[in-house]
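Counting begins at 1 with the first residue of the sequence. All of these numbers come straight from a predicted model, not from anything done at the bench.
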Amino acid sequence: MNPHSIESPFDSEGDLCAGTLLLPAQVSRPPVVVMANGFGGTRAAALPDIARHFVADGYAVYLFDYRNFGDSGGQPRHWVSPRRHLADWKAAVRHVRHLPDVDHDKIVLWGTSFSGGHVIETAARDPGIRTVIAQVPHVSGVASVLQAPLHISFCLMLAALRDQLGRAFGRPHYSRIVGRPGEVAALCSAECWDGYARLIPPGDSWENKVLSRIFLELPFYSPGRSARKVKAATLIIAGKRDSVTPAAAARRAARRIANCEFHLVDGNHFELHLASEAVCRQSIALQLAFLKRQLAP
C-alpha cells in the first residue's frame, strides 16, 4: 500500500520542525501514531519502513524531525538535548491534535532508543495520551552510560566540557555518534558501527556527529523515574542482546507503569529498527496486536 503523504511542519520554540503525515487509503479519521527517531537520528532513518506497516493496518503516522536535525530548522546543527527533544514532542502532539484528518482521541506515541524514553516522559506529563509504544527505550541515564568503557565515558565528558566552553565563543565542539569498539563515540559497542550504518538510507545527508554538550546531560536523563506517572496503556519491547539500552532497565521501567505490557525479544539494538530483520517484524506484529487491543471500538 502506498500511503498518501502530506508535509505538515510545526513550530517548536521558534524553530520550524519538519513533519510528514502518512494516511491510509479509505480510512476516515484513523488513529495516528506519532514517531521520531533516537539518538542523532532523523525521520528518514529506518522509520519509514516501520511506518508503512502501521499505515497498511489502517493507522495514520506522523513522522517528524527534531530541531537542529534532518529537514528541520535550528542552529547549531546536530544538537541532541532531552529538554529540547521533549519540547519538540510536546509541540508535535499539539500540532497533531489540530490535524483534520486523524482521530485526536486516539494518539499513539511511538519512540525507539532515545525517543523511547521521550515517549514515556511525554506521556507522564500529558494525561491526554492514550497509548505508548517504546522500543528498546533509553530509560536510565546511568544504565546507558555504563554500557560504554570508563575511559571512553571520560573522554566524552572532557569533550562536553570543551563544548560548553566553546559555546561562549561561538565555537561548538562535536563528537562522533557512532564508532567501532574502542573508539571514542557515543555508541561504540560491537553491534553499533554496522548496525547504525544500516539505518541510514543511500544518499542521505546524515552526519556522524553530535554536539558534545549532550554528555553532561545524558547521565541525568532517566525517563524511568517518571514511569509511575504514565496513565496510558504502554507497550515496551526490549532486545535480549541489546548492548546500547539494556533490557533489564527497560523491564524495571515497565514494572512501574500501571498498564504496561513488556516483551523481551531475541534481537540486538539495531536489528529491532530494521524491517528486513525477522526480529523487527516480530516486534511490529506485537505492536500492531497491542494497538488492536487498545484502540479497537
Side-chain angles (χ1 to χ4, degrees), residues 3-24 29-48 50-52 54-55 59-75 77-135 137-138 206 221 223 226 229-235 273 287 291 295:
H4 177 47
S5 174
I6 302 171
E7 292 305 309
S8 185
F10 62 93
D11 177 83
S12 180
E13 298 185 339
D15 288 316
L16 195 64
C17 289
T20 303
L21 179 65
L22 305 176
L23 290 169
R29 298 189 72 245
V32 57
V33 182
V34 185
M35 303 176 70
N37 223 320
F39 192 97
T42 68
R43 59 187 171 147
L47 296 192
I50 295 174
R52 289 188 188 98
F54 290 104
V55 175
Y59 299 92
V61 173
Y62 185 75
L63 289 165
F64 73 92
D65 276 331
Y66 300 111
R67 284 174 288 170
N68 312 87
F69 279 94
D71 297 319
S72 292
Q75 293 290 338
R77 304 302 289 172
H78 314 288
W79 187 355
V80 173
S81 163
R83 184 200 68 77
R84 293 171 63 85
H85 282 189
L86 290 170
D88 294 348
W89 270 98
K90 182 178 180 179
V93 170
R94 182 172 61 243
H95 177 71
V96 168
R97 282 179 171 143
H98 287 88
L99 294 176
D101 300 311
V102 301
D103 188 339
H104 305 145
D105 294 323
K106 294 182 178 180
I107 293 177
V108 181
L109 303 187
W110 188 100
T112 186
S113 194
F114 210 45
S115 67
H118 297 340
V119 295
I120 292 172
E121 189 70 40
T122 299
R125 300 179 183 188
D126 185 343
I129 295 300
R130 177 150 180 188
T131 316
V132 172
I133 295 174
Q135 176 181 275
H138 167 99
W206 178 84
Y221 181 53
S226 301
K229 300 177 183 178
V230 175
K231 305 303 181 186
T234 302
L235 173 66
H273 292 80
Q287 294 170 39
L291 291 183
L295 301 180

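With sequence neighbours excluded, the residues forming a side chain to side chain donor-acceptor pair (under 3.5 Å) with R97 are D126, listed by chain and number. With sequence neighbours left out, the side-chain contact (heavy atoms from CB on, under 4.5 Å) criterion links Q75 to R77. In this structure, the side-chain contact (heavy atoms from CB on, under 4.5 Å) partners of S115, at least two apart in sequence or on a different chain, are Y66, W89, T112, H118. S8 meets the side-chain contact (heavy atoms from CB on, under 4.5 Å) test with Y62, H95, L99; sequence neighbours excluded. Evaluation of the side-chain contact (heavy atoms from CB on, under 4.5 Å) rule for I6 yields H4, L21, L23, D101 as partners, not counting sequence neighbours. Remark: S226 pairs with E121 by the side chain to side chain donor-acceptor pair (under 3.5 Å) rule, at least two apart or across chains. Residues forming a ring pair (Phe, Tyr, Trp, His ring centres under 6.0 Å) with W79 (at least two apart in sequence, or on another chain): none. Remark: R84 pairs with N68 by the side chain to side chain donor-acceptor pair (under 3.5 Å) rule, at least two apart or across chains. By the side chain to side chain donor-acceptor pair (under 3.5 Å) test, S81 pairs with no residue at all, sequence neighbours left out.
Separation of atoms OG (S12) and CZ (R94) is listed at 7.5 Å; rounding is to 0.5 Å. Note: Y59 OH to F54 CZ = 8.5 Å, rounded to the nearest 0.5 Å.
For the side-chain contact (heavy atoms from CB on, under 4.5 Å) with Q287, the qualifying choice from V33, I133, V108 is I133, the only one to do so.
A side-chain donor-acceptor contact under 3.5 Å links H138 to the backbone of Y221. Under the 3.5 Å distance criterion, the side-chain polar atoms of S72 are matched with a main-chain donor or acceptor of A18.
Nearest approach of V132 to A232, heavy atoms of both residues: CG2-CB, 4.0 Å. When all heavy atoms of G38 and S113 are compared, the closest pair comes out as CA-CB, 4.4 Å. Closest heavy-atom contact between R67 and C17: CG-SG, 3.6 Å. A45 approaches N37 most closely through the heavy-atom pair O-ND2, 2.8 Å. A36 approaches L47 most closely through the heavy-atom pair C-CD1, 3.6 Å. Here the shortest heavy-atom pairing between P223 and G117 reads CB-O, 3.3 Å.
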K90 vs R125, side-chain contact (heavy atoms from CB on, under 4.5 Å): CA-CA, chis, key distance, verdict: CA-CA 9 Å; K90 182 178 180 179; R125 300 179 183 188; over 6 Å; no
Verdict with supporting geometry, R29 and K106, side-chain contact (heavy atoms from CB on, under 4.5 Å): CA-CA 10 Å; R29 298 189 72 245; K106 294 182 178 180; over 6 Å; no
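Listed by first and then second residue, the salt bridge (charged side-chain N to carboxylate O under 4.0 Å, His left out) pairs involving residues 32-44 are E7-R43, R43-D65, R43-D71 (not counting sequence neighbours).
At least one side-chain heavy atom of I107 sits under 4.5 Å from a side-chain heavy atom of I129. Side-chain contact between Q135 and W110: present, with at least one pair of heavy atoms (C-beta onward) separated by less than 4.5 Å.
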